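All chains are named by letter (A, B, ...) in the order of the sequence lines, taking the proteins before the strands, and each is independently numbered beginning at 1. Treat the numbers as computed from the prediction; the structure is a model and nothing was measured.
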Amino acid sequence: MRTDACGNITKVYKGQKINVCGWLKRKREIGKISFFVLEDREGEVQVVVEDEGLLKKIRNLPLYSTLKVEGVVRERPEKDKNPKMETGEIEIIAQNIEIFSVSKHLPFLPDEEKEIFEETKLTYRFLDLRNKKRKETFKLRSTVKYIMTKTLIEMGFIEIETPYLSKSTPEGARDFLVPSRLHKGKFYALTQSPQMYKQILMVSQFDRYFQFARCFRDEDFRKDRQPEFTQLDIEMSFINEEDIFSCVERIFVNIFKQIFNKEIKTPFKRMTYDEVMEFYGSDKPDLRYDYKFEDYKDILGQLEIFKNYKKVKSIFFPYKFSRKIIENIEKELKNQGLPGLGFVIREGSELRGPFKKFLSLKHMPEEGTRFIIAGSDEKLSEWCAILRGSVISEIEKINKKDDFEFLWVTDFPLFEKDEEGNIVSSHHPFTSPKDDEWRKNPLEAKSRAYDLVLNGFEIGSGSIRISDPEIQREILEFLGYNEAEIEKRFGFLLKALSYGAPPHVGIALGFDRIVMILSGEKSIRDVIAFPKTAQGIGLLEGCPSEVDEEQLNELGIKIKEKKNVREKTD
RNA sequence: GGGGACGUAGUUCAGCCUGGUUAGAACGCCGGCCUGUCGAGCCGGAGGCCGCGGGUUCAAAUCCCGUCGUCCCCGCCA
């Protein structure tokens, strides 16, 4: 039907008679001659129509109708070449045009420069996906997935699929439940991650497993969180941290080499959790902007206002910020409970700002702004992270860095307290403790869990697992599960571990987030073909939706109360 | 669960603060002119339940209350 894709018609085809198929993208009629652009997945090509019959045929054809053009490729006259167009050196003289389908007028043009409302874009997602950037992103997504798969297979991994219909686990995120028709009153849960399955596969001797696994979590959404998302799930036996780190690094080396022809440095930087919290206040610092907090307790700790605080921290940025920007940042911090934000600005060799009399030029090595912040508890880290994050987003407006900075964060705490004061696992309860410390000082104890951070996003998280069923049982008991609960919830894992478990290690990489960062998209929605809104609504298909009474009866379900469901009119 | 921003023509926005002619613009759409356009150009035209519901008022796009939707943030996301 077609000789080649529109975007591939270059000078190679000069003089040849070809067929191309695609969408009528733009039309320019000048009297007795007409130009139009035919577009497909690969790009665009200009078609010239001079024949009177053909002119008539396309005269009133709406944009984005689909057609086939038969014609001859010719090089454009030198002055009419369009360097902005990839196929701009040539054009196709139409000899025949076949119209496959006539489009309705589009609610918006896919390549419109202006930002279309998310609501409109998602309702007509099939049109938004025609956007050039979207098409590039989804090609990139496919290529990244291919390189990941290829690299892993070359390293001896095999892909195994685990169930999506699984068992509800009350800890962690909320589950999406799937009612069972054959077992009324019982439910499957969509997997939040294949965690226990992947460990069991290790017991089954599949010592290098991977999977692009869909994960489902019924929590509130953000620009980097969707109810369903894809993770590259990896688990390996008989190795330690070093092996899994280099394995993951190799995947990224290949991605950057093959997609961007860029060498990235390995091994990636590493810092412990305690270090990143000390220097950045965050466990996922954006190291493209490597500004660190310093301890200013010795320098400013004696000031009356700071006397009651355990810690005084300060951070310097070589940028002079306006009063307004600083006020906005302070406002945000005050919303989070910070009493006050100190700062000094150096301009030339002049210092100004509320702290200028306490600091000298030696604290201000160059022109810029130094912020001072004080506090006593874990709130201080939070404030530090907000401060640093807000300042960096201001810096990005002036001087955005396009590079990529990876960081392994290791030695996470094994446990933490939840809002009710209960001790819970920081990572998950299958994470190996660093040492025996947890038996004495559980909240001080470290684990063998690690995160991979890229440009301030957590893109991966994993751990050395507990492979000894007795220790696993001990940890679960420590977390407050009684024997019956352990059996009910984790019995199948413990049983598996007790039949010869290898030491094993794993990680899950956030595939959507990785593609989002690599493609420079701002939201995870832009790298998922059919995403949900922030409220978890599928605007295109209209889900979630009510179902027939009959379906409910079959499942043995009765709805107690209904929330208004948005009526779809189109 | 809480906070903030937004919702006006097919699309993106202005108007709203300070209520008062016929609610404007750009792009798109329709018609006309035009043989080298490529964000085509020029001339003309159509197109609106101002998200929805209530209230205040002589009078509401504008003020108030509620509601629905979209986005962002906090909580939440082992």
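Backbone-only contact: A:Glu115 has heavy atoms under 4.0 Å from sugar-phosphate atoms and none from a base. Using a 4.0 Å heavy-atom cutoff across all strands shown, A:Ser426 reaches sugar-phosphate atoms only and no base atom. Residue contacts shown for A:Asn60 are limited to sugar-phosphate atoms, with no base heavy atom under 4.0 Å away. At the heavy-atom level, A:Glu458 lies nowhere under 4.0 Å from the strands shown. In this structure, A:Ile30 reaches the bases: a heavy-atom distance under 4.0 Å links it to at least one base atom across the strands shown. Among the protein residues, A:Arg74 comes within range of the nucleic acid bases, having at least one heavy atom under 4.0 Å from a base atom. Residue contacts shown for A:Gln192 are absent, as no nucleic acid heavy atom lies under 4.0 Å away.
If you check distances only, the side chain of A:Glu91 does reach the base of B:G36 with a donor-acceptor pair under 3.5 Å. Not a single donor-acceptor contact under 3.5 angstrom links the side-chain atoms of A:Arg59 to the base of B:G32. Donor-acceptor pairing under 3.5 Å, judged by distance alone, is absent between the side chain of A:Arg26 and the base of B:U37. A donor-acceptor contact under 3.5 Å links the side chain of A:Gln46 to the base of B:U37.
Atom P of nucleotide B:C73 and atom NZ of A:Lys334 are separated by 24 Å, given to the nearest angstrom. In this structure, A:Lys104 atom NZ and B:C29 atom P are separated by 16 Å, rounded to whole Å. For the pair A:Glu118 CD and B:G7 P, the interatomic distance rounds to 16 Å; values are reported in whole Å. The interatomic distance linking A:Leu106 (CG) with B:C27 (C1') rounds to 14 Å, in whole Å. In this structure, the CG atom of A:Asp220 is 11 Å from the P atom of B:C77, given to the nearest Å. Between the CZ atom of A:Phe117 and the C1' atom of B:C71 there is a distance of 8 Å, rounded to whole Å. The separation between A:Glu113 atom CD and B:G28 atom P is 13 Å, rounded to whole Å. B:G75 atom P lies 8 Å from atom NZ of A:Lys379, rounded to whole Å.
Formation of a donor-acceptor pair under 3.5 Å by the A:Glu70 side chain with backbone atoms of A:Asn96 is not found in this model. Put simply, the side chain of A:Arg217 gets close to the backbone of A:Gln192: a donor and an acceptor are under 3.5 Å apart.
Contact annotation: A:Arg525 reaches the phosphate of B:C71 (side-chain N/O to OP1 or OP2, under 4.0 Å). Between A:His105 and the phosphate of B:U11, there is no side-chain N or O to OP1/OP2 separation shorter than 4.0 Å. Listed pair A:Arg28 / B:A40 meets the phosphate criterion, a side-chain N or O lying under 4.0 Å from OP1 or OP2.
Between the CD atom in A:Glu89 and the CD1 atom in A:Ile9 there is a gap of 14.5 Å [rounded to 0.5 Å]. Between the OG atom in A:Ser432 and the NZ atom in A:Lys446 there is a gap of 15.5 Å [rounded to 0.5 Å].
The nucleotide B:C77 finds no pairing partner, because no Watson-Crick or G-U wobble arrangement with both distances shorter than 3.5 Å includes it. Checking B:G19 for Watson-Crick or G-U wobble geometry (two distances, each under 3.5 Å) identifies no partner in any strand. Remark: B:G44 base-pairs with B:C30. Criterion, Watson-Crick or G-U wobble with two distances under 3.5 Å. Pairing of B:A14, defined by two Watson-Crick or G-U wobble distances under 3.5 Å, is not identified with any nucleotide. With a 3.5 Å ceiling on both atom-pair distances, the Watson-Crick or G-U wobble partner of B:C71 is B:G4.
A salt bridge is absent between A:Arg473 and A:Glu483; no separation between the charged side-chain nitrogens and carboxylate oxygens falls under 4.0 Å.
Closest-nucleotide positions on RNA chain B for A:Ser523 and A:Arg76 were compared, and the one nearer the 5' end corresponds to A:Arg76. If A:Pro77 and A:Leu109 are placed on RNA chain B by their nearest nucleotide, the residue sitting closer to the 5' end is A:Leu109.
Going from the C1' atom of B:C74 to that of B:C16 covers 30 Å, rounded to whole Å. B:G24 and B:C50 are spaced 14 Å apart, taking the P atom of each and rounding to whole Å. When the C1' atom is compared between B:C33 and B:U18, the two are found 47 Å apart, to the nearest whole Å. Nucleotides B:G53 and B:C17 have their C1' atoms positioned 25 Å apart, rounded to a whole Å. Using atom P as the reference point in both B:U21 and B:A60, the two lie 11 Å apart (nearest Å). With both ends at atom P, the span from B:G20 to B:U62 equals 11 Å, rounded to whole Å. Remark: the separation of the C1' atoms in B:G44 and B:C63 is 41 Å, to the nearest Å. Nucleotides B:A25 and B:G4 are separated by 35 Å at their P atoms, to the nearest Å.
Stacking between A:Phe108 and B:U11 is absent: the ring centroid is not both under 5.5 Å from the six-membered base ring centre and under 30° in plane angle.
Of the candidate nucleotides B:C71, B:U12, B:G36, B:G36 has the atom lying nearest to any side-chain atom of A:Ile33. Listed nucleotides: B:U70, B:C71, B:C38. Nearest to the side chain of A:Met85: B:C38. Residue A:Arg225 places its side chain closer to B:C76 than to any other of B:C38, B:C76, B:C27. When distances are taken from the side chain of A:Lys84 to each of B:G36, B:G39, B:C73, the shortest belongs to B:G39.
A tilted orientation is assigned to the rings of A:His428 and A:Phe430, their planes being inclined by 30° to 60°. In this pair, A:Phe478 and A:Trp438 present their aromatic rings perpendicular. The plane angle is above 60°, beyond the 30 to 60° band.
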message: Does A:Arg26 form a side-chain contact (heavy atoms from CB on, under 4.5 Å) with A:Phe35? I'd like the steps, not just the answer.
response: CA-CA 8 Å; A:Arg26 267 192 299 270; A:Phe35 302 91; over 6 Å; no
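Checked against A:Gln199 for a side-chain hydrogen bond (donor to acceptor under 3.5 Å, both in side chains), the options A:Gln472, A:Arg465, A:His504 give a single hit: A:His504.
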